[in-house]
Every structure is written in C-alpha cells, then in structure tokens.
2 protein chains.
Amino acid sequence: MKPLTIGELSAQAGVKIPTIRYYESIGLLPAPLRTDSNRRTYDAAAVSRLRFIRHARELGFEVDAIRQLLMLADDPAHPCGEADALARAHLADIESKIARLQALRAEVRNMVEPCPQGQVRTCHVIEVLADHSHCLHDHH
Amino acid sequence: MKPLTIGELSAQAGVKIPTIRYYESIGLLPAPLRTDSNRRTYDAAAVSRLRFIRHARELGFEVDAIRQLLMLADDPAHPCGEADALARAHLADIESKIARLQALRAEVRNMVEPCPQGQVRTCHVIEVLADHSHCLHDHH
DNA sequence: CTTGATCCTCCAGTCGCTGGAGAATGTACG
DNA sequence: CGTACATTCTCCAGCGACTGGAGGATCAAG
C-alpha cells in the first residue's frame, strides 16, 4: 500500500494535523518514517491507532488512560482485567460528574425560576450568588 | 473595621491566595490598597465579592460570565433580565452536558458489561475503542 | 534579636490541544 | 520549464483557570 501523508491521515482519522503532531510529541503516536524531504509518512496501522485514540478521547478518556489502553491493545495476550478496570474507573468518573451536574442544575433552576424580571436590586440570581445560604445544598 | 490581609481574605472566602492574586490580575477583583510595605489590604466588601465569585465558579460559571454578573450586581437599578438570561444560558449548558454524559455512560457501560475477563485479544473494551461501529450512537 | 510565618513578584507548569510565522517542499497548469 | 498555489516542516505562543516554586522582603511572637 502506498503511504499516507499527514493530511490524508488527518482526513481518514478525523483528527487535525497539529493534533497528530502533538500526539507524536507526547508519545501517543510513534514517530513515523519520513520521506527524503522530511515529510511524515503513515500506513494503515497509523490510521487504526489514531482512530482508537480519537474514539477514546471522544469517550472522555484522558491521555494517560489512553496510553495505558494502547499498551494493553498492543499486547493481545495480556489479561483483560486492566482494560476493564480502566473503563470501570472511567464509568465511575462519568457517574460522579452526572451526579454533580444534576445537583448543579437544581441550584441554577432554583436561581432562575422565581425571578420576577424586576431590577437587579431584587434579582434572585444575583442574590443567590451573593449569599450561599440560599442554596439547596451546601456541599460545594 | 480593620483591614484584612490576603491570608485572612483567603480563609474567609475559601479561595487560595494565588487564586486571589490571579483574579486581581485578570480584573475580576479590583486592585486593593497596599500597606507601606506593599502588602494587599482588603475590607469586608472584598470578602463578599470574592465569595460571590467563588460561588459562581462552583456553580460552573465561566470567568467571563462572572465578570458580567458582577457588573450587573454592581448596578442595583439594572433590569434583571440580563442576569436571568446568563443564568438560563448556563442552565441550558448544564443540561446539554448532562445529556452528553448520559449518552457517554451508556457507551462505556456497553463497553464494560460484556467483558468476560479474558485476554485483551477478546476484550470488549479494546474492541469497542478500536472500532467505532460497535457504538450505540455515532454522533460523537 | 531571632525565628518562623506570611507576604511580595515573577515565572513556569498543568491539560489537550490550536493556530500563526516563516521556510521548504510538492503538485498542477499553461 | 516556469509559476502559482497547496501542503508540509519546525518552533513558539496562547487558550482557561488556576497552581506552585524560587528568591527575597517583612511581620509577629517569644
């Protein structure tokens, strides 16, 4: 197969060119071969790897977690438990984010709803922000 | 009232000292008076303002939004609609974040659950990440 | 008077990119 | 073959919202 330019890799994987170079610089992508004129050349494996990275990023995995997942993926004989543990930790993280955002939504709703569209002097939004005791919860 | 040091302000408002200086540098907090030996001195109004900022940050408002809210709060005769609009925009943002995280949670659950604890070769986590087509949705 | 806490400024780092400058190539058209 | 334009290269700076360290000055207590 003929090798790909960075632009083609970018198009095929859906990742911007500067981001590809950034991933290389932090060691997520291996440094590719270069042409005589110093341009990066990629093969199909690079497309897969970059898609893997992109997908994991879209799912909210941090770069360090992706680094571990890639190492695991590179070793097919490796027991699955570690990848599973990473994903489960990520799931727990997502769930706590959801819970916090839901509490937050309740606060902000409480802030917005009784606003009588008057002046700032009597505005519930400003008042709530100025005084924490108007909050539904105080754990934040 | 006797003025506060930056450390006292920090303790009373629950905001770290470097963060206070940072807020001053970006114009969220006005530059305070200084002692003869160049130390910052604050009054009770600074505590309120900083608490307002902290509270808004905890509720996830961005600094730019807080800047606007502060200007509104500083002008009691101002109509309430703008503060309300800011809060409502923020509410919509929170709701979309929750929706995205819930979709994400479904993906990651789908990734984790059927994992038979075998080897990476057959690991669902790795497989899903490597191939987007295993996803429940493809809008991400 | 000494010790340790607090404060000052400045600068660099965090994370995950993003984009610009300026130079060197590659490609397409006439 | 020349010219124009697209693409790529490296390096560096910036985003947001802090955080922390270095190195020095000053304060408060014993």
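Below, chain A is the first sequence line, B the second, and so on; all start at residue 1. Since the model is a prediction, treat every value here as computed from it, not as a measurement.
Not counting sequence neighbours, the partners of A:E24 by the side-chain hydrogen bond (donor to acceptor under 3.5 Å, both in side chains) test are A:R40. For A:F61, the ring pair (Phe, Tyr, Trp, His ring centres under 6.0 Å) partners are A:H90, not counting sequence neighbours. Not counting sequence neighbours, the partners of B:S25 by the side-chain contact (heavy atoms from CB on, under 4.5 Å) test are B:Y22. Considering only residues two or more places apart in sequence or on other chains, A:S48 meets the side-chain contact (heavy atoms from CB on, under 4.5 Å) condition with none of them. The side-chain contact (heavy atoms from CB on, under 4.5 Å) search around A:R57 returns A:Y23, A:I53, A:V63, A:I66, not counting sequence neighbours. Looking at residues two or more places apart in sequence or on another chain, you find a side-chain contact (heavy atoms from CB on, under 4.5 Å) between A:D43 and A:A45, A:A46. Partners of B:T35 by side-chain hydrogen bond (donor to acceptor under 3.5 Å, both in side chains), not counting sequence neighbours, listed by chain and number: B:S37.
The nearest pair of heavy atoms linking A:T41 to A:R34 is OG1-N, 4.2 Å.
From the 5' end on, the contacts that DNA chain C makes with chain B at under 4.0 Å to a non-hydrogen atom open and close at C:dT6 to C:dT9. First and last contacting nucleotides of DNA chain D toward chain A (any atom under 4.0 angstrom from a heavy atom, 5' to 3' order): D:dT7 to D:dT10.
In this structure, CG on B:L9 lies 4.0 Å from CD1 on B:I20, to the nearest 0.5 angstrom. A distance of 6.5 Å separates CD1 of B:I98 from CD of B:E95, quoted to the nearest 0.5 Å.
No side-chain heavy atom of B:I6 sits less than 4.5 Å from a side-chain heavy atom of B:R39.
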Which pairs would a plain distance check flag for residues 12-19 of chain A, meaning a side-chain donor or acceptor within less than 3.5 Å of a matching protein atom at least two apart in sequence or in another chain?
none

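Within residues 29-41 of chain A, the residues that place at least one heavy atom under 4.0 Å from DNA chain D are, in residue-number order, A:R34, A:N38, A:R39, A:R40. The stretch residues 11-24 of chain A comes close to DNA chain C through A:K16, A:P18, A:T19, A:Y22, A:Y23, each having a heavy atom under 4.0 Å from the strand.
Nucleic acid contact class of A:I26 (heavy atoms, under 4.0 Å, all strands): none.
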